[in-house]
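Computed from heavy atoms alone, side chains included, the values below leave out hydrogens, waters and symmetry copies. Residue numbers run from 1 in the order of the sequence given.
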Amino acid sequence: MTIAYGCVLLMIIFPYLFTILAKTGPLFNNHTPREYLEHTTGWRKRAHWVQLNSFEITPAFAAGVIIAHQLHAIQSSIDTLATAFVITRCLYAACYLSDKAIFRSIVWSIGFGCIIGLFFIR
């Protein structure tokens, strides 16, 4: 398995870490988890939003890695962009949880740039 493929696997697991964080409240009811998440506030609400955004962006990242491999791009370049993407997602989550909106948007943009880069590297 390449480093980039490992990053894809990591990003598939990543949102679930924030699912767990979002559901740690004392009033969590597993019979109605979505209703609970709709009514959370503060960092738990933001953890839920990290979860949602991670589920949204991971397919594009996975597609970028797969396409870069299919185009026989230089493996070290693929690995570098994939690793950079994972780092931006960690920073994104930290910024979101700590309510640093400007920094969150910046690191999201850098991560999205990594995905776009995967489609164009050779």
Side-chain angles (χ1 to χ4, degrees):
M1 178 183 308
T2 67
I3 291 171
Y5 283 151
C7 289
V8 170
L9 177 59
L10 182 61
M11 292 315 303
I12 289 169
I13 296 165
F14 189 80
Y16 296 103
L17 302 173
F18 296 93
T19 302
I20 292 166
L21 281 176
K23 293 179 179 180
T24 60
L27 302 177
F28 176 70
N29 181 346
N30 202 37
H31 294 284
T32 57
R34 291 180 186 219
E35 184 177 324
Y36 170 81
L37 290 170
E38 289 173 14
H39 294 94
T40 57
T41 59
W43 69 267
R44 284 188 182 92
K45 175 67 92 178
R46 292 189 299 276
H48 174 54
W49 291 336
V50 170
Q51 165 201 202
L52 294 177
N53 185 266
S54 297
F55 281 128
E56 293 165 358
I57 202 161
T58 297
F61 170 63
V65 168
I66 293 166
I67 288 169
H69 276 97
Q70 291 295 314
L71 294 174
H72 304 289
I74 298 169
Q75 189 61 52
S76 62
S77 298
I78 300 171
D79 292 342
T80 298
L81 283 172
T83 301
F85 177 78
V86 170
I87 291 168
T88 64
R89 293 309 296 175
C90 293
L91 292 171
Y92 173 86
C95 289
Y96 221 143
L97 291 177
S98 61
D99 203 17
K100 306 289 185 207
I102 297 292
F103 295 117
R104 182 190 80 229
S105 295
I106 292 168
V107 296
W108 183 93
S109 298
I110 294 168
F112 191 71
C114 291
I115 293 172
I116 299 302
L118 286 164
F119 284 86
F120 291 100
I121 61 172
R122 296 280 176 228

Do I115 and F120 sit in one hydrophobic cluster, given that two such residues count as connected whenever their side-chain heavy atoms are within less than 4.5 Å of each other, even indirectly? yes
Check whether L10 and F18 end up in the same hydrophobic cluster, where Ile, Leu, Val, Met, Phe, Trp and Tyr are linked by side-chain heavy atoms less than 4.5 Å apart. yes
Have N53 and R89 got a donor and an acceptor in their side chains that come within less than 3.5 Å? yes
Check the side chains of Q75 and H69 for a donor-acceptor pair under 3.5 angstrom, ignoring hydrogens and angles. yes
Expected output: side-chain S77 to main-chain A73 donor-acceptor under 3.5 Å: no
Does Y16 belong to the same Ile/Leu/Val/Met/Phe/Trp/Tyr cluster as V50, with side-chain heavy atoms less than 4.5 Å apart forming each link? no
Take atom CD1 of I3 as the centre, draw a 6.0 Å sphere, and report whether it contains more than 12 heavy atoms from other residues, nucleotides or ligands. no
How about NZ on K100, more than 12 heavy atoms from neighbouring residues, nucleotides or ligands closer than 6.0 Å, or not? no
Determine whether more than 12 heavy atoms belonging to other residues, nucleotides or ligands lie under 6.0 Å from atom CG of L17. yes
Can you tell me if CD1 on I13 sees more than 12 non-hydrogen neighbours from other groups inside 6.0 Å? yes
So, for K23 and Y36, which heavy atoms are closest and what is the spacing to 0.1 Å? CA-CE2, 4.0 Å
Walk me through it: do C7 and T83 pass the test side chain to side chain contact (heavy atoms under 4.5 Å, CB included)? CA-CA 7 Å; C7 289; T83 301; 4.0 Å; yes
For T2 and I78: C-alpha separation, side-chain torsions, deciding distance, then whether side chain to side chain contact (heavy atoms under 4.5 Å, CB included) applies. CA-CA 9 Å; T2 67; I78 300 171; 6.0 Å; no
For F112, does the CZ atom have more than 12 heavy-atom neighbours from other residues, nucleotides or ligands under 6.0 Å away? no
Transitively linked via ILVMFWY side-chain contacts under 4.5 Å: I110 with L91? no
Counting only heavy atoms not in F28 (residues, nucleotides, ligands), do more than 12 fall under 6.0 Å from its CZ? yes
Cluster check I67, Y5: I/L/V/M/F/W/Y, side chain < 4.5 angstrom: yes
For the residue pair R46 and Y96, would you count it as a cation-pi contact if the rule is NZ or CZ under 6.0 angstrom from the ring centre and within 45 degrees of the ring axis? no
